[in-house]
Amino acid sequence: MKKQNKVTVKNVEFCNDSPIAYIAGPCVIESEKSYYDEAVKLKKIFAELKTQFVLKASFDKANRTSYKAFRGLGMQRALDFLKELKNRLGLPVLIDVHEPIQAERVAEVADILQVPAFLCRQTDLLFACADTGKAVNVKKGQFLAPWDTENIILKLESRGNKNIMLTERGSSFGYGNLVVDMRSLEIMKSFGYPVIFDCTHSVQKPGALGSATGGDREFIIPLAKAAAVLEIAGLFFEAHPNPDEALSDGPNSIKLNDVKKMIKDINSVDRLASALSGGKK
């Protein structure tokens, strides 16, 4: 296996050889107030647990099942809000990018640009994100073999950017279901870049509710624990105060009140796995 690279964002370090860092937040910014309140609570939880954390944000959910579904606040309004929130809370932020033209503007606020799974092979989008010089997290498409993520890495590296992270988020398993192949985490780690596990999108049931995506929330924590055993760089999850009332991805979001216990449990698994392998976590 290649030497494991580190991606450092503000004071947060992502490396497969380091303690797990987290990327967390609601699926979409539903309102400035609700998002701010959740960001404050998440910051408090991670601070109490002395655990590294990046806040995730989405200004537009461009791939909703139904055209009637809530998509977000829009780019300009959301970026203005996130810039102020970052300054107030002192948190690094990850933001989704859907089109090449958005990358430069989003990079003015984001510490990490994220390429959604459905767009992971879009060369122009990857180039635009890489060209900002910011860290780029690419979610492996539900349709993509883990070994094919090496081509994503090569595209980003070709632009001189080596602040690269790869995220596993489940693979299509017939119609309307996903399965997690844990081999993917080891295969992607072999390329030398930080690997993240998205434990909430991995339990999605795409289109299962007819005009919306369903999910199996009860499997979020078991899958997260299983991934932590493999000594990955980070864990990605979406949380909401009341997932059953969330405007996007509620069925596969963890309850905000359950986050602290989950983090404590995952950190324990991560440390144990490292100790068993002779690591330094």
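This one's a predicted model, so the numbers in the text were calculated from it and none came from an experiment.
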How far apart are the closest heavy atoms of [X] and [Y], and which atoms are they?
{"X": "Thr132", "Y": "Ala103", "value": "CG2-O, 3.8 Å"}
{"X": "Leu89", "Y": "Lys43", "value": "O-NZ, 2.5 Å"}
{"X": "Cys120", "Y": "Leu126", "value": "O-CD1, 3.3 Å"}
{"X": "Lys61", "Y": "Asp96", "value": "NZ-OD2, 3.9 Å"}
{"X": "Leu55", "Y": "Gly25", "value": "CD1-CA, 4.5 Å"}
{"X": "Phe237", "Y": "Tyr22", "value": "CE2-CD2, 3.9 Å"}

Sidechain-backbone polar pair: [X] side chain, [Y] backbone, donor-acceptor under 3.5 Å:
{"X": "Lys225", "Y": "Val229", "value": "no"}
{"X": "Ser158", "Y": "Leu156", "value": "no"}
{"X": "Asn5", "Y": "Gly192", "value": "yes"}
{"X": "Gln142", "Y": "Leu178", "value": "no"}
{"X": "Lys134", "Y": "Cys129", "value": "no"}
{"X": "Ser274", "Y": "Asp270", "value": "no"}
{"X": "Asn16", "Y": "Val195", "value": "yes"}
{"X": "Ser277", "Y": "Ala273", "value": "yes"}
{"X": "Lys86", "Y": "Val109", "value": "yes"}

With no hydrogens and no angle check, do the side chains of [X] and [Y] hold a donor and an acceptor under 3.5 Å apart?
{"X": "Asp181", "Y": "Ser171", "result": "no"}
{"X": "Asp17", "Y": "Gln4", "result": "no"}
{"X": "Thr200", "Y": "Asn252", "result": "no"}
{"X": "Asn163", "Y": "Tyr193", "result": "no"}
{"X": "Glu157", "Y": "Asn161", "result": "no"}

If two hydrophobic side chains count as joined below 4.5 Å and joins carry through other members, does [X] share a cluster with [Y]?
{"X": "Val180", "Y": "Ile221", "result": "yes"}
{"X": "Met188", "Y": "Leu235", "result": "yes"}
{"X": "Ile232", "Y": "Phe191", "result": "yes"}

Exercise. Salt bridge (charged side-chain N to carboxylate O under 4.0 Å, His left out) between Lys264 and Asp258: does it pass, once the steps are laid out?
Worked result: CA-CA 10 Å; Lys264 290 176 69 175; Asp258 295 336; over 6 Å; no
Heavy-atom distance under 4.5 Å between the side chains of [X] and [Y], does that happen here?
{"X": "Leu82", "Y": "Ile29", "answer": "yes"}
{"X": "Met165", "Y": "Gln114", "answer": "no"}
{"X": "His240", "Y": "Glu30", "answer": "yes"}
{"X": "Thr149", "Y": "Val138", "answer": "no"}
{"X": "Asp80", "Y": "Glu84", "answer": "no"}
{"X": "Ile164", "Y": "Val7", "answer": "no"}
{"X": "Phe127", "Y": "Pro100", "answer": "no"}
{"X": "Met75", "Y": "Asp60", "answer": "no"}

For this session: Give me the one residue out of Leu119, Leu125, Val115, Val136 that meets side-chain contact (heavy atoms from CB on, under 4.5 Å) with Val97.
Result: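 When Leu119, Leu125, Val115, Val136 are each tested with Val97, the side-chain contact (heavy atoms from CB on, under 4.5 Å) holds only for Leu125.
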Is atom [atom1] of [X] surrounded by more than 12 heavy atoms (other residues, nucleotides or ligands) closer than 6.0 Å?
{"X": "Phe143", "atom1": "CZ", "answer": "yes"}
{"X": "Glu245", "atom1": "CD", "answer": "no"}
{"X": "Arg183", "atom1": "CZ", "answer": "no"}
{"X": "Arg121", "atom1": "CZ", "answer": "no"}

Would [X] and [Y] pass as an ion pair if we require N to O under 4.0 Å?
{"X": "Glu238", "Y": "Lys56", "result": "yes"}
{"X": "Asp111", "Y": "Lys83", "result": "no"}
{"X": "Glu38", "Y": "Lys41", "result": "no"}
{"X": "Lys139", "Y": "Glu168", "result": "no"}
{"X": "Asp244", "Y": "Arg217", "result": "yes"}

For this session: For the residue pair Phe59 and His98, categorise the inter-ring angle as parallel (less than 30°), tilted (30 to 60°) or perpendicular (more than 60°).
Result: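 The arrangement is perpendicular - the two ring planes meet at more than 60°.
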For this session: Flag the pair Phe236 / Phe197 as yes when their ring centroid distance falls below 6.0 Å, and as no otherwise.
Result: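 Between Phe197 and Phe236, which both carry aromatic rings, the centre distance is not below 6.0 Å.
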Exercise. Can you tell me how far CD1 of Ile23 sits from CD of Gln52, rounded to the nearest 0.5 angstrom?
Worked result: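 Answer rounded to 0.5 Å: 11.5 Å.
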Exercise. Rounded to the nearest 0.5 Å, how far does CG of Leu79 lie from CG of Leu73?
Worked result: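 Atom-to-atom, Leu73:CG and Leu79:CG are 10.5 Å apart.
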